[in-house]
Amino acid sequence: MKAFSFLLLPFALSLLACGSPAPRPLAGAAVRVEASPNFDARRPNLVVLHHTSNSNLDKALATLTDPGRKVSAHYLVGRDGQIVRLVDEKERAWHAGASWWGGNTDINSASIGIELDNDGFEPFADAQIDALLGLLADVLQRYDIPGANVVGHADVAPGRKTDPSDRFPWRRLAGHGFGLWCDEPLPPAPEGFDLTLALAALGYSPAAPEASRQAFLRHYAGGREYLSEEQEKALAHCLFNRKVTESR
Ligand SMILES: [Zn+2]
């Protein structure tokens, strides 16, 4: 039986490799190995928030644990504040998909993904946001993640995703140090201020400037009906300054 299992091992390993392509080894290169004791585990440095688009926690759980759907997150937070862990934080949950943030294109490798059970139209329940605030405090403290690095799926996948919806209380989160926020009145941006460059400096993809601008407005200007070009620049300028200040 042991020999049989041994014979099956390469087959099992090749099956595992199908789920996620393994990095290629250094082809034919002679690599000298000198093991250093100076290392620890790689750590996430970003938190990406989502809404499930579901009407209840059980439906969301069914999707997020279905092998056929190939989607997951590290955590799912229910409307009642229940927190469900779906993927160990050390592992790479499949929540962001094709994405970009600050030049990083493998957001799943870099982040903790948190799904909030919400249908995308309803307000987010107070108990759910309270639970999220506690979870964020714990995760950011353990990995020393900057508060500015709490973003939405729509921010890292502009034009493709719109979650969490424009009902998400980003301003309330920022009041607790999670994510950036600027309230009006805002001082005007300096002469020659380039909005696309500023959005890229915040983290948005410069490859899709209009979709990035829409995601930026949905996130940071929620509730404000219309912003002039000068107001958009003033908002981006303020957020950029805040990001620089908070990362010092
Ligand atoms: Zn999402």
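This is a predicted model, so every value here is computed, not measured. Numbering of ligands and ligand atoms starts at 1, following listing order.
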So, leaving waters aside, the tally of protein N/O/S atoms less than 2.8 Å from the Zn ion (ligand 1) stands at 3
Shared-cluster residues of Leu86, by chain and number - hydrophobic side chains joined below 4.5 Å: Leu57, Leu61, Leu64, Val71, Leu76, Val84, Val87
Would you check if Phe168 and Leu132 make a side-chain contact, meaning some heavy-atom pair closer than 4.5 Å? yes
Is the ring pair His176/Phe178 parallel, tilted or perpendicular, if the boundaries are 30 and 60 degrees? parallel
Under 30°, 30 to 60°, or over 60°: which ring-plane class applies to His95 and His74, parallel, tilted or perpendicular? perpendicular
Does the side chain of Tyr143 pick up a donor-acceptor pair with the side chain of Asn45 at under 3.5 Å? no
Ring centroid separation Trp100 to Tyr204 under 6.0 Å: no
